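Everything on this sheet refers to the single structure shown next.
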Protein chains: 2
Amino acid sequence: MGITERKVREKEHRKEEILDAAKKVFFEKGLSAATMDEIAEAAELSKGTLYLYYKSKEDMYLGVMMRGMEELYEDFERIGTSSVSTLHKIMELGDVYRKYFDKHRKFFRMIHFLQSPQFHKQVSDEMKKTCDMETQRVWNVINSILQTGMDEGLLRPNYNPMELGVILWSNMNALMLRIDNEGDKWKKRFNIDLEHTLSVSTTLLFESILTTRGRTEYAALANK
Amino acid sequence: MGITERKVREKEHRKEEILDAAKKVFFEKGLSAATMDEIAEAAELSKGTLYLYYKSKEDMYLGVMMRGMEELYEDFERIGTSSVSTLHKIMELGDVYRKYFDKHRKFFRMIHFLQSPQFHKQVSDEMKKTCDMETQRVWNVINSILQTGMDEGLLRPNYNPMELGVILWSNMNALMLRIDNEGDKWKKRFNIDLEHTLSVSTTLLFESILTTRGRTEYAALANK
DNA sequence: TTTAGTTACTGACCATTAGTCATTTATTAC
DNA sequence: GTAATAAATGACTAATGGTCAGTAACTAAA
């Protein structure tokens, strides 16, 4: 049954090719300004064909986003399986996410679509589920690292690791979003460098969830 | 010149009436699903007339949002001018914002539009400026309270009050957004009550920006 | 090679809807 | 009463997400 397999492979390949085109257009114009006709032209396919592979424009957008999420997952996974200390891993999670924000700004913006009402209203259940699984993978890495940190007595035991995860993540996310949208404004008007503010808040939160032992280790690591 | 004045008043009134209708429709359907025809019908006016008062659908959306922002401003301003201790005021800011989130969820969602790419792309410069001024008023209250807190030695002096403000605000915002979108999911899947998480993270951050004196006072206040 | 059947693709077409503008209606001024 | 001004209208346009009847390409059996 080599033919059937080849066809499946080709279909998969076409799907990816469409995503290549979609990525280009979405990166350039964003979700609302991008048109399906443009994407079709970029993909060298007719518009109708796009709909054979993706249910809607929003679904396609998320298809692209998933690539970005996968990249983030791989970065995180690399941390998870590395052989540095747990504290170091936790710090790395933050650093890597911040680098991700710098290097993959467009993906960062796309990920934010997951938190918009449009996502909950206009996306097919199927795609929602797919996104959910991918997001889950990322959270699993975070959770497992924080759980270890807790087991090792680095993190204050009265909190749930996942809870700490969502706190740290949300905190970074909110400031990054602000940097992305109003960074210049805050610099000009209040002379505040939100990049620095992000470091400050991350450090504040991080220190406040560490045990005494965790803090000692952290101080040693930060001094290096 | 009584007539001219009356006309200005009537025009202003019409603008508000249109916002009444728009608010109803936007609250019900959200920005993208609401149509101008619907709003026109709700306002008992023709669609063309709407455009005599607002430049675009997005501008109108922000007109509605501004009402919500004003309400928040008034709540904040009330705190600012109240005669409780500064520490109490700071805590009140958080509490009031959280209540605002509970009571005016739709407005909360609208405020988030300010952080979306759509806002930066599809809104008239004029409306952007108006929003900016309103937002500014809110920040001014926060800033002035935090500045006082710093002057009184409650807040660690190595930070900028506005910086602390944006940290606290962003932190709350991010978790509220998550509660709004995925609150149920987190409860069901991880058995995490994000409402509680919000309290935790706010407390953590808050404590970590207080001086020793501030913390003593805080402990006293929290025990009451 | 021919033919029937299947799959992939096409692009004209449809429906929706934000925004416009020539025209009509109402109000004011003289 | 009439001219001038302001307010309101709604048919129309343009843009665009999505559809579907028809076409082309490929596969498999005769």
Side-chain angles (χ1 to χ4, degrees), chain A residues 1-19 21-22 25-26 28-64 113 118-119 121-124 126-127, chain B residues 1-22 25-26 28-64 113 118-119 121-127:
Chain A
M1 283 296 94
I3 286 171
T4 322
E5 280 162 16
R6 196 200 74 219
K7 288 224 164 178
V8 169
R9 221 166 43 234
E10 277 176 358
K11 200 152 189 177
E12 221 41 57
H13 188 240
R14 200 20 70 87
K15 260 189 122 164
E16 291 305 312
E17 282 179 331
I18 292 175
L19 278 197
V25 179
F26 284 136
E28 210 170 292
K29 314 219 165 175
L31 173 58
S32 58
T35 73
M36 291 304 266
D37 284 302
E38 272 178 299
I39 294 171
E41 199 187 327
E44 294 174 307
L45 287 169
S46 75
K47 186 162 62 164
T49 306
L50 300 186
Y51 285 92
L52 297 174
Y53 293 88
Y54 295 93
K55 282 212 178 71
S56 69
K57 185 175 156 179
E58 281 74 20
D59 271 31
M60 219 155 89
Y61 189 75
L62 287 171
V64 176
F113 184 65
Q118 262 185 80
F119 172 71
K121 281 183 193 160
Q122 302 182 353
V123 171
S124 73
E126 201 188 325
M127 184 50 95
Chain B
M1 287 293 92
I3 285 171
T4 323
E5 280 163 14
R6 195 201 76 218
K7 286 225 163 177
V8 170
R9 222 167 41 235
E10 276 176 359
K11 201 151 186 179
E12 220 41 56
H13 188 238
R14 194 30 61 91
K15 260 190 120 162
E16 290 305 311
E17 282 180 331
I18 292 175
L19 279 196
D20 289 339
V25 179
F26 282 136
E28 211 171 293
K29 313 217 166 177
L31 173 59
S32 58
T35 73
M36 290 304 266
D37 284 302
E38 272 178 301
I39 295 171
E41 199 186 327
E44 295 174 308
L45 287 169
S46 75
K47 185 163 62 164
T49 306
L50 300 186
Y51 284 92
L52 297 175
Y53 294 88
Y54 295 93
K55 281 212 178 70
S56 70
K57 185 174 153 179
E58 280 75 20
D59 272 29
M60 219 156 91
Y61 189 75
L62 287 171
V64 176
F113 184 65
Q118 261 185 82
F119 172 69
K121 280 183 195 160
Q122 301 184 350
V123 171
S124 73
D125 288 345
E126 202 188 323
M127 183 49 94

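Chain A is the first sequence line, chain B the second, and so forth, proteins listed ahead of strands; every chain is numbered from 1. Since this is a predicted model, take the numbers as computed values, not measurements.
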Item checked: Nucleotide nearest A:Ser56 when distance is taken to its side chain, options D:dT9, C:dT10, D:dG18 -> D:dG18
Notebook entry, point to check: Does the side chain of A:Gln122 pick up a donor-acceptor pair with the side chain of B:Ser32 at under 3.5 Å?
Noted result: yes
Item checked: Side-chain N or O of A:Tyr53 closer than 4.0 Å to phosphate OP1/OP2 of C:dC9 -> yes
Notebook entry, point to check: What's the CG-C1' distance between B:Leu45 and C:dA26, to the nearest Å?
Noted result: 14 Å
Check: Counting N and O atoms only, with roles assigned by atom type, does the side chain of B:Lys29 sit under 3.5 Å from a partner on the main chain of B:Thr35, one being a donor and the other an acceptor?
Finding: no
Next item on the list: Would you mind classifying the nucleic acid contact of A:Leu52 as base, sugar-phosphate or nothing, using non-hydrogen atoms under 4.0 angstrom?
Entry: base
Next item on the list: For D:dT9, take OP1 and OP2 only and decide whether either is under 4.0 Å from a side-chain N or O of B:Thr49.
Entry: yes
Next item on the list: Check for a donor-acceptor pair, side chain of B:Lys11 on one end and backbone N or O of B:Tyr53 on the other, with a separation under 3.5 Å.
Entry: no
Next item on the list: Rounded to the nearest angstrom, tell me the gap between atom CD in A:Glu10 and atom P in C:dT6.
Entry: 20 Å
Next item on the list: Quickly work out the B:Glu44 CD to D:dG10 C1' distance and round it to whole Å.
Entry: 17 Å
Next item on the list: May I ask you to list the residues of residues 32-42 of chain A, by number, that have any heavy atom positioned under 4.0 Å from an atom of DNA chain D?
Entry: A:Ala34, A:Thr35, A:Met36
Next item on the list: Give a yes or no answer on whether the side chain of A:Tyr54 reaches the backbone of A:Lys15 with a donor-acceptor pair at less than 3.5 Å.
Entry: yes
Next item on the list: Inspect the contact between B:Glu12 and B:Arg9 and indicate whether a charged nitrogen and a carboxylate oxygen are less than 4.0 angstrom apart.
Entry: no
Margin query: With a sphere of 6.0 Å drawn around NZ of B:Lys121, does it hold more than 12 non-hydrogen atoms of other residues, nucleotides or ligands?
Written below: yes
Item checked: Candidate list B:Glu58, B:Gln118, B:Lys55, test side chain to side chain contact (heavy atoms under 4.5 Å, CB included), partner B:Val123, passing option -> B:Glu58
Margin query: Using a heavy-atom cut-off of 4.0 Å across all strands, would you classify B:Tyr54 as base, sugar-phosphate, or nothing?
Written below: nothing
Next item on the list: Round to a whole Å and report the spacing from CD of B:Glu12 to P of D:dA7.
Entry: 12 Å
Check: To the nearest Å, how far apart are B:Lys15 NZ and D:dA8 P?
Finding: 13 Å
Check: Could you give the CG-to-P distance, from A:Leu50 to D:dC20, as a whole number of Å?
Finding: 17 Å
Next item on the list: Identify which nucleotide among D:dG18, C:dT10, C:dA18 has an atom closest to any side-chain atom of A:Lys57, counting heavy atoms from C-beta outward.
Entry: D:dG18
Margin query: Expressed as a whole number of angstroms, how long is the span from B:Lys47:NZ to C:dC21:P?
Written below: 14 Å
Check: So which one's nearest nucleotide on DNA chain C is more toward 5', B:Tyr51 or A:Ser46?
Finding: A:Ser46
